[in-house]
Amino acid sequence: MGISVGSTPRPGHSNSGGSTQWESAPKEFTRRSGIVMEIWGPTGTGRTSLALTAPGPIAFIYFHEKIDGIVQKYANEKDIRMFKAGGVFRGEDKDIQKEAWTAMEAFESAYYDAFNFARTVIVDTHNEAWLLERLAEFGAPKPSGGQVKNNYGPVNNRWMSMLNMARSKAESKDMTNVIFIGQAEDEWKPNAKGFDSKTGRIVRMASTASNQVLLKSDVSIKTDKKDGNFISTVMKGYWNADSED
């Protein structure tokens, strides 16, 4: 069953032609120029190692993740340029906001600059990047008052601009991959007594911002470690995900 509403041309109009802003929909699926990917899982399950197997040159933007003993192996194989983002912010909200704003501007500048030279851009982790954006805006993880919609407008706009940059570059001819590394957390659900308790499962650390990352991603991979073995599970992928991208 198809959509028939509006299939008949308006009087005096034709379904053919149109302005030059329109383009024909593709009739065949072709390999995309780049991939937007999310790799998430508990710390120590190979998230960063998996990301660094991507094609170089790599722009590796990391926050407070452990990289010693991990990045060296791949730096001997390909060009990797690193940028340490974030920082330690102390004091009143206004002091934290001022310091975090400077760090946020440096992070965003490095992120956008990375697309000028990198074949793959890695953000490790996007959860910490989102926290930095909020600290820069509010001086705290969330605003202390006012209407939430109005408070979050500027920070949401900055976040979506970064995600849209990743999506647009992945669809261009520049051959840029973007990998967002995400954190995981214990799943909590109400028990028989009505209190929340751990279920024993590990899930994505979900927020509005991290769900936007997932929405923009072509592929989402969960990493895990069991009996000394590293496990990667594709949780989301487009139908041609096993192509040579």
Side-chain angles (χ1 to χ4, degrees), residues 34-90 96 99-137 141 155 158-159 161-163 165-167 169-170 176-185 202 204-207 209-210 212-214 216-217 219-225 230 232:
I35 294 293
V36 177
M37 178 184 296
E38 180 191 35
I39 301 175
W40 62 275
T43 299
T45 57
R47 298 171 302 172
T48 302
S49 294
L50 180 59
L52 289 171
T53 63
I58 290 178
F60 182 38
I61 303 173
Y62 68 102
F63 284 76
H64 298 281
E65 301 298 312
K66 178 184 179 297
I67 63 169
D68 286 336
I70 299 174
V71 72
Q72 287 87 347
K73 171 186 175 182
Y74 301 96
N76 284 310
E77 300 172 353
K78 65 191 76 174
D79 179 17
I80 300 178
R81 306 184 200 179
M82 305 198 316
F83 178 84
K84 187 173 183 179
V88 178
F89 315 115
R90 303 175 63 184
I96 293 174
E99 293 180 12
W101 187 273
T102 300
M104 178 272 293
E105 288 184 317
F107 158 62
E108 290 193 3
S109 177
Y111 175 82
Y112 287 113
D113 181 61
F115 291 94
N116 291 320
F117 68 87
R119 173 69 176 90
T120 303
V121 180
I122 300 173
V123 178
D124 189 2
T125 65
H126 65 69
N127 306 90
E128 292 171 290
W130 174 238
L131 176 59
L132 176 62
E133 293 287 333
R134 288 177 288 150
L135 291 177
E137 191 68 32
V155 66
R158 294 199 304 269
W159 188 251
S161 291
M162 287 190 287
L163 298 187
M165 180 71 168
R167 180 77 272 145
K169 283 294 184 180
T176 304
N177 303 300
V178 185
I179 301 176
F180 296 100
I181 297 178
Q183 298 172 350
E185 61 185 355
I202 299 296
R204 289 177 71 252
M205 187 175 288
S207 65
S210 66
Q212 289 168 341
V213 171
L214 180 62
K216 294 289 185 180
S217 297
V219 181
S220 177
I221 297 178
K222 176 185 178 181
T223 60
D224 207 347
K225 189 176 182 181
F230 292 97
S232 299

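A quick note: this is a predicted structure, and the numbers were derived from the prediction, not measured.
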Whether Glu108 side chain and Glu105 backbone form a donor-acceptor pair below 3.5 Å: no
Sub-4.5 Å side-chain heavy-atom contact between Arg134 and Trp159: no
Pairwise side-chain contact, Ser161 with Tyr112, heavy-atom cut-off 4.5 Å (strictly under): yes
Atom pair OG1 (Thr176) and CG (Asn116), whose distance is rounded to the nearest 0.5 Å: 9.5 Å
Ile61 to Tyr111 - nearest heavy-atom pair and separation: CD1-CA, 3.6 Å
Smallest separation among heavy atoms of Ala106 and Phe83, with atom names: O-CZ, 3.7 Å
Side chains of Pro141 and Leu135 in contact at under 4.5 Å (non-hydrogen atoms): yes
Main-chain N/O of Ile35 paired to Asn177 side chain as donor or acceptor, under 3.5 Å: yes
From Phe180 atom CZ to Asn127 atom CG, the distance as rounded to the nearest 0.5 Å: 11.5 Å
Check: Leu52 main-chain N/O paired with Lys78 side-chain donor or acceptor under 3.5 Å: yes
Residue pair Ala129 / Phe107: nearest heavy atoms and the distance that separates them: CB-CZ, 3.8 Å
Polar side-chain atom of Tyr62 near backbone of Ile67 as donor-acceptor pair, under 3.5 Å: no
Shortest non-hydrogen contact from Ala170 toward Val36: CB-CG2, 3.7 Å
From Ile122 atom CD1 to Met37 atom CE, the distance as rounded to the nearest 0.5 Å: 10.0 Å
Flag side-chain contact, heavy atom, 4.5 Å: Thr125 against Arg47: yes
Leu214 backbone acceptor or donor facing Ser220 side chain under 3.5 Å: no
Heavy-atom pair with the smallest gap, counting every atom of Pro42 and Ile202: CG-CG2, 3.9 Å
Criterion side chain to side chain donor-acceptor pair (under 3.5 Å) against Arg204, the qualifying member of Glu185, Glu38, Gln183: Glu38
Check against salt bridge (Lys or Arg N to Asp or Glu O under 4.0 Å), Asp68 and Lys66: CA-CA 6 Å; Asp68 286 336; Lys66 178 184 179 297; over 6 Å; no
Nearest-0.5 Å distance, CD1 of residue Ile181 to CH2 of residue Trp40: 14.0 Å
CD1-OG1 distance between Ile58 and Thr120, expressed to the nearest 0.5 angstrom: 5.5 Å
Taking every non-hydrogen atom, the tightest pair across Met162 and Glu133: CE-OE2, 3.5 Å
Interatomic distance, Leu132 atom CG to Phe63 atom CZ [nearest 0.5 angstrom]: 5.5 Å
